[in-house]
Peer 1: 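If you scroll down you'll find the structure; I have some questions about it.
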Number of protein chains: 2
Amino acid sequence: MNPVTPNQTTSDATGVAAASGQPSPTFSPLYQQIKGLITQSLQSGEWKPGEMIPSEVELANRFKVSQGTVRKAIDELAAENLVMRRQGKGTFVSTHHEARAHFRFLRLMPDEGVPHYPESTFIEVKRLRAPAEVARLLDLKSGDAVVYIKRVQNFDGVPTIVEELWLPGLIFKGLTAERLNEYKGPMYGLFESEFGTRMIRAQEKIRAVCAEAGDAALLRVAAGTPLLCAERVSFTYGDKPVELRRGLYLTERHHYQNDLI
Amino acid sequence: MNPVTPNQTTSDATGVAAASGQPSPTFSPLYQQIKGLITQSLQSGEWKPGEMIPSEVELANRFKVSQGTVRKAIDELAAENLVMRRQGKGTFVSTHHEARAHFRFLRLMPDEGVPHYPESTFIEVKRLRAPAEVARLLDLKSGDAVVYIKRVQNFDGVPTIVEELWLPGLIFKGLTAERLNEYKGPMYGLFESEFGTRMIRAQEKIRAVCAEAGDAALLRVAAGTPLLCAERVSFTYGDKPVELRRGLYLTERHHYQNDLI
DNA sequence: GAGTGGTCTAGACCACCCG
DNA sequence: GGGTGGTCTAGACCACTCG
């Protein structure tokens, strides 16, 4: 394999670049291109979450590059949590069906005791037309179908999170309260397994708000109680937004944990 | 230079491993040891913030390893923001005197408009004996001297942050309101230049609280207004805690930005 | 043009896992 | 023992910066 823009690389001749004879306006290193190809295979489902991807030597042969180049590509994918390396075993497609992954997207920790995953009670699940603001954030057209979900999450039986979600209707066709109730574990696991949509990264904007009457009742606190409000947009492959979420967190016995590095 | 297990950090070729014949109980790759040595030089001030460190080939010669090994060590240091690589120029010790670095530790962003750095007004600067809780978090003994600082930060003249800090008195001897007022730019820049203490990472715990009367007055809002409360412990080299900070953020026109990756 | 970091290769060997 | 990822080396060439 040859790089896309004029590049040395002694190995073979058939590169895509040779045809284009352009100078290098946009230089992209070989390992980045390999990374792109591997990402495509992840996205297309050639290797499914939890499965092992081909070994480094195998990929090196397939792409006609050295193992070191494949290695650097996979290094970056591992750093982005798209794959996980396990020495002596292989490289595996990341999945949300793992304790490891659960707390990457749940940052609310108990002030004391060990973190554990909350239980969900679904308040409402329905389809509706996307309001302008939701459409904008999900990159849809205003009025497009979206799935709306409202749930409460309990830690040790104590209601602590009230959450609303908006999901693109096209992708999450057939998502019902029943399927949500049946499913055990984090919703992202369900989304990954049943709807072929893997959340890769997310952006959150956090504010402090006063609990309104309805939410206060769900959390069994007085109206006006201060709550953390986290508005999240989650992205799948290709930086495509596929989830909007607004969580209200009761932070009397929990806190939002963040590392600045 | 040879690895520690099977061998020691000496630069000769013999190595202790051959003698011991033991399997490796604690194996540390060579590049990690190089990384440690470079970190020591950073910590000792052999290369100061903003300065260029020796080139990769130079370090490779010094440590008697290949350039690739030095490279991998520096890669990790760069990933941890201890150094910055600039192609064609060199590798430089990170410093807080840079626009780049400012927003690594200030996550409060305006809902609209471009981020910019707030102005500080210092309310109180004094020395006191560490309360038990402060001492615990700063790894001091209860009653040890600490510097206490209270300030308000304004965005465009609007008071938005009330912050309290506790710093180990031993390190921050001579930190006065005057010096804080004289200094322009982020406090971490002052700490780095004047007190030889560089913050390299921090942990934050975030909650929602109601503004108490005093803080509400400083922020010019009603008592009871919901505020974000961020409690931060900052660390310097060797994971040594050197700052405790409690910030109250008014989130009516700002939000705490966080990326989940 | 000289010096720096960045990419790519090829080959060797090590640590780890499993049958 | 054979496969996998992990480390280390040596050498070549490229892209970038600056004098």
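In what follows, every heavy atom counts, from backbone to side chain, and hydrogens, waters and symmetry copies are set aside. Naming: A, B, ... by sequence-line order, numbering from 1 per chain.
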Peer 1: Calculate the interatomic distance between A/Leu30 atom CG and D/dA15 atom P; express it in whole Å.
Peer 2: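 Rounded to the whole Å, the gap is 13 Å.
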Peer 1: Give the rounded distance in Å between these two atoms: CG of A/Asn61 and P of D/dT4.
Peer 2: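 Answer to the nearest Å: 11 Å.
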Peer 1: Side chains of A/Met52 and A/Trp47, heavy atoms from C-beta outward: is any pair under 4.5 Å?
Peer 2: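 No, every pair of side-chain atoms sits at 4.5 Å or beyond.
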Peer 1: To the nearest angstrom, how far is B/Lys64 atom NZ from D/dC8 atom C1'?
Peer 2: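 Taking NZ of B/Lys64 and C1' of D/dC8, I get 17 Å after rounding.
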Peer 1: Given atom CE of A/Met84 and atom P of C/dC17, what is their separation to the nearest angstrom?
Peer 2: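 My rounded result for the distance is 13 Å.
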Peer 1: Among side-chain atoms of B/Tyr237 and B/Gln40, is any donor-acceptor pair under 3.5 angstrom?
Peer 2: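 B/Gln40 and B/Tyr237 do not have a side-chain donor-acceptor pair below 3.5 Å.
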Peer 1: Measure all distances between protein nitrogen or oxygen atoms and nitrogen or oxygen atoms of nucleotides 4-6 of chain C, and list the pairs falling under 3.5 Å.
Peer 2:
unit_1: C/dT4; atom_1: O2; unit_2: B/Gly88; atom_2: N; d: 3.4
unit_1: C/dG5; atom_1: OP1; unit_2: B/Thr91; atom_2: OG1; d: 3.4
unit_1: C/dG5; atom_1: OP2; unit_2: B/Glu56; atom_2: N; d: 3.0
unit_1: C/dG6; atom_1: OP2; unit_2: B/Arg71; atom_2: NH1; d: 3.4
unit_1: C/dG6; atom_1: OP2; unit_2: B/Arg71; atom_2: NH2; d: 2.9
unit_1: C/dG6; atom_1: OP2; unit_2: B/Arg85; atom_2: NE; d: 2.7
unit_1: C/dG6; atom_1: OP2; unit_2: B/Arg85; atom_2: NH2; d: 3.3
unit_1: C/dG6; atom_1: O5'; unit_2: B/Arg71; atom_2: NH2; d: 3.4

Peer 1: Below 6.0 angstrom between ring centroids: does that apply to B/Phe155 and B/His254?
Peer 2: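 Ring centres of B/His254 and B/Phe155 closer than 6.0 Å.
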Peer 1: Do A/Asn258 and B/Tyr256 have side-chain atoms, one donor and one acceptor, less than 3.5 Å apart?
Peer 2: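 A donor-acceptor contact under 3.5 Å links the two side chains.
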Peer 1: Looking at the rings of A/His96 and A/Phe105, which for Trp means the six-membered one, are their centres under 6.0 Å apart?
Peer 2: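 So the answer is yes for these two rings.
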Peer 1: Between A/Glu76 and A/Lys35, does any NZ, NE, NH1 or NH2 come within less than 4.0 Å of an OD or OE carboxylate oxygen?
Peer 2: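 Result for this pair is yes, salt bridge flagged.
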